[in-house]
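Here the structure comes first, spelled out in structure tokens, and everything after it is commentary.
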2 protein chains.
Amino acid sequence: MAQPLYQQIADDLCKRIESGSLGPGQQLPTELELRDTYNASRNTIRDAIKRLMSLGLVETRPGAGTYVTERIDPFVTVLTTPPVIGSPNSDFAIDDSADPEGASYLSMVGKSHRKAACSPVRVEVRPAPKSIASRLRIPSGAPVVARHQERYIDDSPWSVQTTFYPMEFVTSGLAPRLLMADDIPEGTVRYLEDALGCRQVGYRDWITARGPDSSEQQFFGIGHDCVVLELFRTGFDEGGSPMRVTVTVYPADRNQFIVNSGEVPSPSFEQDESI
Amino acid sequence: MAQPLYQQIADDLCKRIESGSLGPGQQLPTELELRDTYNASRNTIRDAIKRLMSLGLVETRPGAGTYVTERIDPFVTVLTTPPVIGSPNSDFAIDDSADPEGASYLSMVGKSHRKAACSPVRVEVRPAPKSIASRLRIPSGAPVVARHQERYIDDSPWSVQTTFYPMEFVTSGLAPRLLMADDIPEGTVRYLEDALGCRQVGYRDWITARGPDSSEQQFFGIGHDCVVLELFRTGFDEGGSPMRVTVTVYPADRNQFIVNSGEVPSPSFEQDESI
DNA sequence: GCAAATTTGTTCGTATGTATT
DNA sequence: CAATACATACGAACAAATTTG
């Protein structure tokens, strides 16, 4: 047995999908039908379908069937401000599009003719997980302020975001609004600059990918075979010290990132036909 | 049954791992032992372990057991050239670290005290897949030159890369070396500039994530529950036309991306302690 | 609106193959 | 070689969600 049977079946179905013989939105034969056509057990068919799901080729709807995925129009997040061609970018603008509180997020999505929405902000004080502590350069477990928000595009859940701030920002009494579960209309970056004199002059994005945990599965309505992108954005002040860390989780099936370097043309016309 | 049994078991094991009661590198109880402790069937235990694998928490070794993953020291790819603090970046350098043929890749990895290696280049002429054709702005299925290479760090497979060039580059007779399965020591970007007068002035990186296909599973030695990051780098010439597309596939368990914007401190000291 | 049929989801049991120790 | 442990595959039963009549 060169390849496991379930893999052979998955490869065959894959070919049938990519060749167009099974088109987007079309229902696959049911598990019982596939069981007969491939002379395999239903469990083996299910293993094959799991493979297709993890490749994002099909989705299953309990009680209804298995369908070739209609590609969701993915939302593209640009992680760099595209420099205007011909102009020097020494005056590099910091377009902090992953800033929570949503102001820039809402306008950014709005520009692409899609409807954006955000949940109310949830605020918490809790011990910093290791990944946050190391980025904020504080001891693991030290208390931090966490501001959490869910985001929607066209009424479907699109990303979840938590921003962590050092506890001193509020214990010093200078930035009390960080603890309020209200929007900070001017944006937290601006607020912290006014309240603390702490200006964010740059940020670093750290991108990883992994499977979703169970709460993410629930919120995004995805199976455990799907994939999420995780973006850690660490903001730095003029002294080069980290002043906040924003963790955003994006389901990979509806989100992509773009990074531009040097002179690149506007991508607008490419977005629709991509993939 | 609020949660499926396999999910409950996965959550419990997850807690035991995150709390440190099961430390990195440590072997989990065998499937048969877990079957007894949780009073579930072996299949259910296996479903739970699959969840942990997709979260990257454990890895299974046939015949040996299931082990809590020792975090691989991830290799971090910086997608932007970090601007030197204090200097204007109007003279933005295009550090094309994802260039194939490996010259810059080898030196970049070498700098981090790790051993880099590349497979020989494999060259092919084949019809452009849709995702490539749309980026090169050519019809889907039109022939393209594909140069393929595998990359290793510290002797383990790290990424696979294929670069696609428009067929005219060779049919015009101007850049015949694109078809040779040899290294192009000065780098293809430089070679194309000399041969065609076609200078790459910028590139766009397009980042997505998905499950691995079967050849990727084999090459990287990962299960289908793991995740790969896929980076499409489109290089543009002075006229704003795409001149090449490089697709690089990175297993997410050993690769991360960084994007810097504005002024950020050097990340060197953070790399070791991250995550 | 309701009941039946259909379809996927979960769980069990069992057997055999393959890789490692 | 033998024992151990995970991988694959089969069959069966019931639950849960959806569609259909």
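Throughout, protein chains are lettered first and strands after them, A, B, ... in sequence-line order, and every chain is numbered starting at 1. Every value quoted in this text rests on a predicted model; they were computed, and no experiment measured them.
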- Check the distance between D:dA16's P and B:L5's CG and give it to me in whole angstrom. 14 Å
- Task: Give A:R42 one of three labels, base, sugar-phosphate or nothing, depending on what nucleic acid heavy atoms sit under 4.0 Å from its own.
- Result: base
- Query: Quick one: A:I45 CD1 to D:dT8 P, roughly how many Å, whole number?
  - Reply: 15 Å
- Query: B:S41 has a side chain; which of C:dT7, C:dT11, D:dG11 sits nearest to it?
  - Reply: C:dT11
- Under 4.0 Å: is that the gap between some side-chain N or O of B:R46 and OP1 or OP2 of D:dA7? yes
- Would one find a side-chain N or O of A:T44 under 4.0 angstrom from OP1 or OP2 of D:dA9? no
- Output the single nucleotide from D:dA9, C:dT7, C:dT11 whose closest atom is nearest the side chain of A:N43. C:dT11
- Query: Should A:T60 be listed as having a side-chain N or O under 4.0 Å from OP1 or OP2 of C:dT7?
  - Reply: no
- Task: Take atom CZ of B:R35 and atom C1' of D:dC6, then tell me their distance rounded to the nearest Å.
- Result: 14 Å
- Message: By nearest atom, which of the nucleotides C:dT20, D:dA17, D:dA9 is closest to the B:A64 side chain?
- Response: C:dT20
- Query: Does a salt bridge link A:R42 with A:E33, judged by any charged N lying under 4.0 Å from a carboxylate O?
  - Reply: no
- Query: Say you draw a straight line from OG of A:S21 to CD of A:Q26; how long is it, rounded to the nearest 0.5 Å?
  - Reply: 7.5 Å
- Between B:Y6 and C:dT10, does any side-chain N or O lie under 4.0 Å from OP1 or OP2? yes
- Message: Rounding to an integer number of Å, can you tell me how far B:E59 CD sits from C:dA19 P?
- Response: 18 Å
- Spacing of B:Q7 atom CD relative to C:dT11 atom P, expressed in whole Å: 10 Å
- Task: Would you mind checking if A:R122 and A:E124 are paired as a salt bridge, meaning a charged N to carboxylate O distance below 4.0 Å?
- Result: no
- Contact nearer the 5' end of DNA chain C, comparing B:G63 with B:D47: B:D47
- Pick the nucleotide of DNA chain C nearest each of B:A40 and B:R61; which residue has the one closer to the 5' end? B:A40
- Message: Using OP1 and OP2 only, check whether a side-chain N or O of B:T66 sits under 4.0 Å from D:dC6.
- Response: yes
- All ring pair (Phe, Tyr, Trp, His ring centres under 6.0 Å) counterparts of A:F219, not counting sequence neighbours: A:Y152
- B:H148 and side-chain contact (heavy atoms from CB on, under 4.5 Å): which partner among B:T162, B:V121, B:V247? B:T162
- Starting at atom CD of A:E31, determine the distance to atom C1' of C:dA5, rounded to an integer number of angstrom. 16 Å
- Item | Rounded interatomic separation in angstrom, taking OH from B:Y38 and P from C:dT11 | 14 Å
- Note on the structure: In whole angstroms, the gap separating C1' of C:dT7 from CG of A:L28 amounts to 13 Å
